[in-house]
Amino acid sequence: MTDVRVAGVGLTPFGSHPERTGRDLFGEAALRAFEDADVDRADVEELNYGNFMGALAEHQGHQAPLMAEAAGVRCPATRYESACASAGVAVREAVRTVAAGDADVVLAGGMERMTNLPTDEVTEGLAIAADDLFEVRAGVTFPGAYALMANAYFDAYGGSREDLAHVASKNHENAVPNEYAQYRKEVSVAEAMDAPPVAEPLHLYDACPITDGASALVLVSGEYAERHDLDAPVAVTGTGQGTDRMALGDREHLARTPAAADAADAAYADAGIEAADVDLAEVHDCFTIAEVLALESLGLFEHGEGITAAREGVTTADGDLPVNLSGGLKAKGHPVGATGGSQIAELTRLLRGDHPNSDRVPDAAVGVAHNAGGTVASAVVHVLEVAE
Amino acid sequence: MSDDGADPADDAVPADRDYADWLDALADGDGFALVCSDGHGSLPPRRVCPECGAADLSREPLDETGTVETYSVVHVPSPRFADDAPYATAVVEFGPTRLTGIVRDGDRGSDATPDVEIGDSVAVDVGERATDGERLVVFRPAGES
Ligand SMILES: [Zn+2]
């Protein structure tokens, strides 16, 4: 297995950019990634691009060649779709390609355009990540599905809306210094508690915003990095993926996400680490309850114990295990098809020391990224380590 | 066009036929799951059991009443449910499988968020969306008819 290095990362500011085309968003992220990497575009051997609802949002299918143009690369280009884990699977295949020695340089990432659609159409668009026949036609929305998981969690293990409000408040606080974040404002626990309901028990501040944005990573082999004298201190040392039954009601347990546990087991084994080695995590908090479920599936907390992690300060910036120092999907934003790439970009910056929140984790050496699709019918986990 | 396929222009042949047939059965009080020899239940169409791959699936009736395993009151609906919100959606166990649907209070005859709790006993039926009349799975408190 070849060493896989993150040579460069690029993000657009996450937010509301209804006037910008998808190609412009991804073009910007790729440009920044190449600037950061100091890698020649002509060396790129593959483009792996994640996108979920481009056909709905901008009537554009077949996006990969378009994004290769936007990035200024000419190489085999493929679009990956796995709902909110679209970029996660795109990055994973890039990692596997480089690790297998099939390419020295792969550009990976994703893009999503959402705010140009009316909110109800976004709600409808996101719902297609669930089972159309047996969930969507039965009234399940995306927030509704996570609300079903939240109530099942409360019933199985206890916990309260206030515990979830602490997750929201923590992630908003983390986003304040992050120049790429959509919401750089603090939200108090009381404000989160008082917000209007979306799908009970989840209220407005339990949910991630609707976001436009793109992410791009230049991944290279260790050999290539050495040959070109690249400054690429962070390595992707583990990758894993898991799949579960599509419909929430078909899962063994309504308050657990075993696809993420499978992905984590595989990624940890790939990296040769254990959960106890993890210093910080970027997890898929599309809803506050999702962060709780992620922490438990990643083996960072026992089942039933993740719910109080934010409230007790374990996962806050000053805690033993900071989670979502970027602000998470919750406050940084969630351009669906870009999110998995942005998590790796943020972890890389945090570990390299050039993220505004790097000083909260000066000694961190091992980071984990958790990206989930739908109600975690798909999950991708990556392990990043400081290699030098 | 070959004559062994359905003509999409023919109104008598529903789109998503297996789902439509399953809803018809549910509406007739003959709701069923497909069950393999290991007891895994699933909903049609299935060629094999999604849990174990067994191809030998039998049509087994759902339990008369089910137990609410989780629920949520949805306030922000998709456009297809615009006039239905707020409504309570629930996941209910009916023996060989779980079903997802909307809880309705039969007495009130409306979607006005009924008092639903985990552990409640409900019966399953087919109702209509307020928004556009499309059929959907509904649950009613057990004992009502
Ligand atoms: Zn089976």
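Since the model is a prediction, treat every value here as computed from it, not as a measurement. Lettering of chains follows the sequences in order, A, B, ..., and the numbering in each one begins at 1.
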Cut-off 4.5 Å, heavy atoms of chain B, and the answer for A/D131 is neither
A/H253/A/H303 under ring pair (Phe, Tyr, Trp, His ring centres under 6.0 Å): CA gap, chis, key distance, verdict | CA-CA 12 Å; A/H253 197 300; A/H303 290 296; 7.3 Å; no
Which bit of A/P143 comes within less than 4.5 Å of chain B, counting heavy atoms only: side chain, backbone, both or neither?
-> neither
Just wondering, do B/V103 and B/V138 contact through their side chains at under 4.5 Å, heavy atoms?
-> no
Can you tell if the side chain of B/T89 reaches within under 4.5 Å of the side chain of A/T141, non-hydrogen atoms only?
-> no
Does anything in residues 31-48 of chain B get under 4.5 Å of chain A by heavy atoms, and if so which residues?
-> B/S42, B/L43, B/P44, B/R46
Contact class of B/Y71 relative to chain A, heavy atoms under 4.5 angstrom | both
Between B/V137, B/T70, B/T97, B/V76, which residue shows the highest count of heavy-atom pairs closer than 4.5 Å to chain A?
-> B/T70
Might you work through the side-chain hydrogen bond (donor to acceptor under 3.5 Å, both in side chains) test for A/E112 and A/N51, ending with a clear yes or no?
-> CA-CA 6 Å; A/E112 206 72 63; A/N51 175 262; 3.2 Å; yes
For the pair A/R311 and A/D163, find out whether any cationic side-chain nitrogen is under 4.0 Å from an anionic carboxylate oxygen.
-> yes
With chain A, which of B/L23, B/D16, B/V91, B/L99 has the greatest number of heavy-atom pairs at distances under 4.5 Å?
-> B/D16
Report the distance from atom CG of A/N171 to atom SG of A/C208, rounding to the nearest 0.5 Å.
-> 11.5 Å
Options B/S72, B/P77, B/S78, B/P50, ranked by heavy-atom pairs under 4.5 Å with chain A, top entry | B/S72
A/N151, A/T123, A/T119: which one forms the most heavy-atom pairs within less than 4.5 Å of chain B?
-> A/N151
Check step by step if side-chain hydrogen bond (donor to acceptor under 3.5 Å, both in side chains) holds for A/H172 and A/K185.
-> CA-CA 6 Å; A/H172 272 275; A/K185 59 163 189 174; over 6 Å; no
Pick whichever of B/A82, B/P79, B/A90 has the most heavy-atom pairs under 4.5 Å with chain A.
-> B/P79
Pairing of B/R104 and B/D84 as salt bridge, 4.0 angstrom limit = yes
Establish, yes or no, whether the cationic atom of B/R98 lies under 6.0 Å from the six-membered ring centre of A/F134 and within 45° of the ring axis.
-> no
Which bit of A/A127 comes within less than 4.5 Å of chain B, counting heavy atoms only: side chain, backbone, both or neither?
-> neither
Give, as side chain, backbone, both or neither, the part of A/V122 having an atom under 4.5 angstrom from any heavy atom of chain B.
-> neither
Just wondering, do A/E291 and A/K170 contact through their side chains at under 4.5 Å, heavy atoms?
-> yes
Between B/R140 and B/D125, is a salt bridge (Lys or Arg N to Asp or Glu O under 4.0 Å) present by the stated rule, with each step listed?
-> CA-CA 8 Å; B/R140 301 186 200 283; B/D125 195 2; 3.6 Å; yes
